[in-house]
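To start, the structure under review is shown below, and the notes come after it.
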Amino acid sequence: MLTLKEVDYRKNRKTLLSNVSGTIEQGDCITLFGPNGAGKSTLIKIMAGLSRPTSGQRILEAKAKNPIGYVPQQIAIMEGLIVRDQLTYYQKLTKQKSSEFVDEMIQYLGLQNILGKRVERLSGGMKRKVNLAVGLIHQPEILLLDEAFVGVDLAAKYDMLAWLKRLNSQGMTIVFITHDWDVVHHLDPILWILDEGRLLAKTDLLSLSRQSLTNGSRSLQKMLDVNLQR
Ligand SMILES: Nc1ncnc2c1ncn2[C@@H]1O[C@H](COP(=O)(O)OP(=O)(O)OP(=O)(O)O)[C@@H](O)[C@H]1O
């Protein structure tokens with residue numbers, strides 16, 4: 001449903017992505033995994049259609065008018081509104097007619113008790129939950145999450161993961177970026193290993209522990225060594 005063909009991305013004469021190709025099918029769960037500066041956020045923005053490749057192609061085949069949900073690293077919710085109004089605003093904006101879906105999301109994410117709170121008064125973790133809710137309120141075909149779990153406590157994280165797992169099992173395609181190995185284990189995704197702007201491997205947790213990525217940078221090696229020893 002989303003294909004990348006030999007994608008390059010350059011900015012200020014610096015190559016941020018080099019020759020990235022891959023196909024994402026409906027219902028896939030994929031993580032972009034790699035060290036700081038590997039190009040993960042750059043790639044997910046290209047997937048979202050927010051940045052255009054310098055060369056190469058991004059081909060999206062989707063049924064819905066608004067098939068992408070993108071949850072950015074920076075929290076993008078509007079201050080001054082209570083959570084309920086925030087959700088209603090985005091529900092209307094995205095023409096989400098299914099109140100059932102929104103209600104279920106509120107239950108899963110445990111937002112019931114904060115619906116009347118102004119968003120700027122929420123804790124960081126609660127803001128992350130609302131950020132996630134806003135990004136997927138229209139039930140996108142592909143959900144793209146850039147570090148959606150930063151600063152959330154364990155209970156909040158597991159609420160979010162349970163909801164994502166449910167959506168994925170119902171056919172929603174999910175691509176996410178995280179440095180949290182616990183999240184990777186929980187969602188058991190296909191791993192796209194990115195390093196210095198290159199896509200080194202597409203693998204899964206089981207195969208990753210058996211294969212060695214000797215062509216990776218020192219940062220990547222260290223990251224994999226530490227995580228795989230856990
Ligand atoms: N607008 C920009 N102009 C120039 N260089 C940029 C720009 N945005 C990002 N970069 C550089 O591109 C590289 C990839 O950045 P990107 O944010 O995609 O990496 P990342 O893998 O998401 O990193 P992190 O894990 O730290 O979030 C980095 O070296 C970064 O400094």
Side-chain angles (χ1 to χ4, degrees), residues 2-24 28-58 60 68-77 124-125 127-129 131-132 134-136 142-152 157 160-161 164 173-187 189-205 208 213-228 230:
L2 182 66
T3 306
L4 302 172
K5 277 191 186 163
E6 296 169 8
V7 164
D8 285 352
Y9 187 81
R10 287 186 285 281
K11 190 108 192 174
N12 307 332
R13 295 200 197 140
K14 196 175 162 197
T15 299
L16 309 191
L17 291 174
S18 181
N19 199 27
V20 173
S21 294
T23 303
I24 300 169
D28 277 354
C29 182
I30 294 173
T31 186
L32 307 182
F33 198 76
N36 292 136
K40 303 179 297 292
S41 294
T42 306
L43 183 58
I44 213 164
K45 279 189 202 139
I46 288 177
M47 288 176 176
L50 297 170
S51 300
R52 285 166 69 98
T54 311
S55 63
Q57 281 180 293
R58 164 199 181 262
L60 175 67
I68 304 249
Y70 170 67
V71 178
Q73 213 167 350
Q74 290 80 19
I75 290 176
I77 47 183
K127 279 186 187 156
R128 284 269 166 214
K129 279 187 175 182
N131 203 39
L132 176 68
V134 162
L136 60 72
I142 308 182
L143 179 63
L144 304 167
L145 306 171
D146 193 347
E147 301 271 12
F149 306 95
V150 172
V152 295
K157 183 162 87 177
M160 290 163 81
L161 287 172
L164 293 174
T173 307
I174 298 178
V175 181
F176 66 97
I177 296 172
T178 187
H179 288 284
D180 185 337
W181 200 241
D182 186 36
V183 170
V184 176
H185 267 274
H186 205 85
L187 293 175
I190 303 163
L191 290 110
W192 287 22
I193 310 281
L194 271 168
D195 192 31
E196 298 176 335
R198 294 170 305 144
L199 183 52
L200 287 194
K202 297 188 191 96
T203 183
D204 57 27
L205 277 174
L208 182 64
L213 292 169
T214 45
N215 53 346
S217 65
R218 190 186 159 275
S219 305
L220 178 71
Q221 285 298 343
K222 180 129 200 183
M223 205 174 164
L224 291 173
D225 288 348
V226 171
N227 283 322
L228 290 172
R230 283 190 197 176

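Just so you know, ligand 1 is whichever comes first in the structure, and atom 1 is the first atom listed for that ligand.
Side-chain atoms of Ser21 come within 3.5 Å of backbone atoms of Glu6 as a donor-acceptor pair (strictly under, hydrogens ignored). Although no hydrogens or angles enter the test, the distance criterion places a donor-acceptor pair under 3.5 Å between the side chain of Asp8 and the main chain of Asn19. For Arg58 (side chain) and Ile46 (main-chain N/O), a donor-acceptor pair under 3.5 Å exists by modelled atom type. The main-chain N or O of Arg10 is found under 3.5 Å from a side-chain atom of Thr54 such that the two form a donor-acceptor pair. Judged purely by atom type and a 3.5 angstrom limit, Lys40 uses its side chain to pair as donor or acceptor with the backbone of Pro35.
The contact set between ligand 1 and His179, taken as ligand atoms under 4.0 Å from a residue heavy atom, comprises 25 (O). Listed by number with element, the atoms of ligand 1 under 4.0 Å from a non-hydrogen atom of Pro35 are 21 (O).
By heavy-atom distance, the residue among Asn12, Leu43, Thr178, Thr42 lying nearest atom 18 (O) of ligand 1 is Thr42. Looking at Thr15, Ile46, Asn36 and measuring to atom 24 (P) of ligand 1, the nearest heavy atom belongs to Asn36.
Looking from atom 2 (C) of ligand 1 to the surrounding protein, the closest heavy atom is Lys11 CG, 3.9 Å. The protein heavy-atom contact nearest to atom 17 (O) of ligand 1 is Ser41 CB, 3.7 Å. Protein heavy atom in closest approach to atom 19 (O) of ligand 1: Gly39 N, 3.3 Å. What sits closest to atom 13 (C) of ligand 1 on the protein, heavy atoms only, is Gly37 O, 3.7 Å. Of all protein heavy atoms, the one closest to atom 27 (O) of ligand 1 is Gln73 NE2, 3.8 Å.
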For this session: Decide yes or no on side chain to side chain contact (heavy atoms under 4.5 Å, CB included) for Val71 and Leu136, but give the supporting numbers first.
Result: CA-CA 8 Å; Val71 178; Leu136 60 72; 5.8 Å; no
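Two residues are said to be in side-chain contact when any heavy atoms from C-beta on lie closer than 4.5 Å; Lys129 and Val152 fail this criterion. The shortest distance between side-chain heavy atoms of Val20 and Tyr9 does not fall below 4.5 Å.
Contacts between Lys40 and ligand 1, counted as non-hydrogen atom pairs separated by less than 4.0 Å, involve both the backbone and the side chain.
Within the 4.0 Å heavy-atom cutoff, Gly34 does not count among the residues contacting ligand 1.
In this structure, CG in Asp146 is found 9.5 Å from OG1 in Thr42, a value given to the nearest 0.5 Å.
Between Leu16 and ligand 1, no pair of N/O atoms sits closer than 3.5 Å. At under 3.5 Å, a nitrogen or oxygen of Lys14, whether backbone or side chain, sits near a nitrogen or oxygen of ligand 1.
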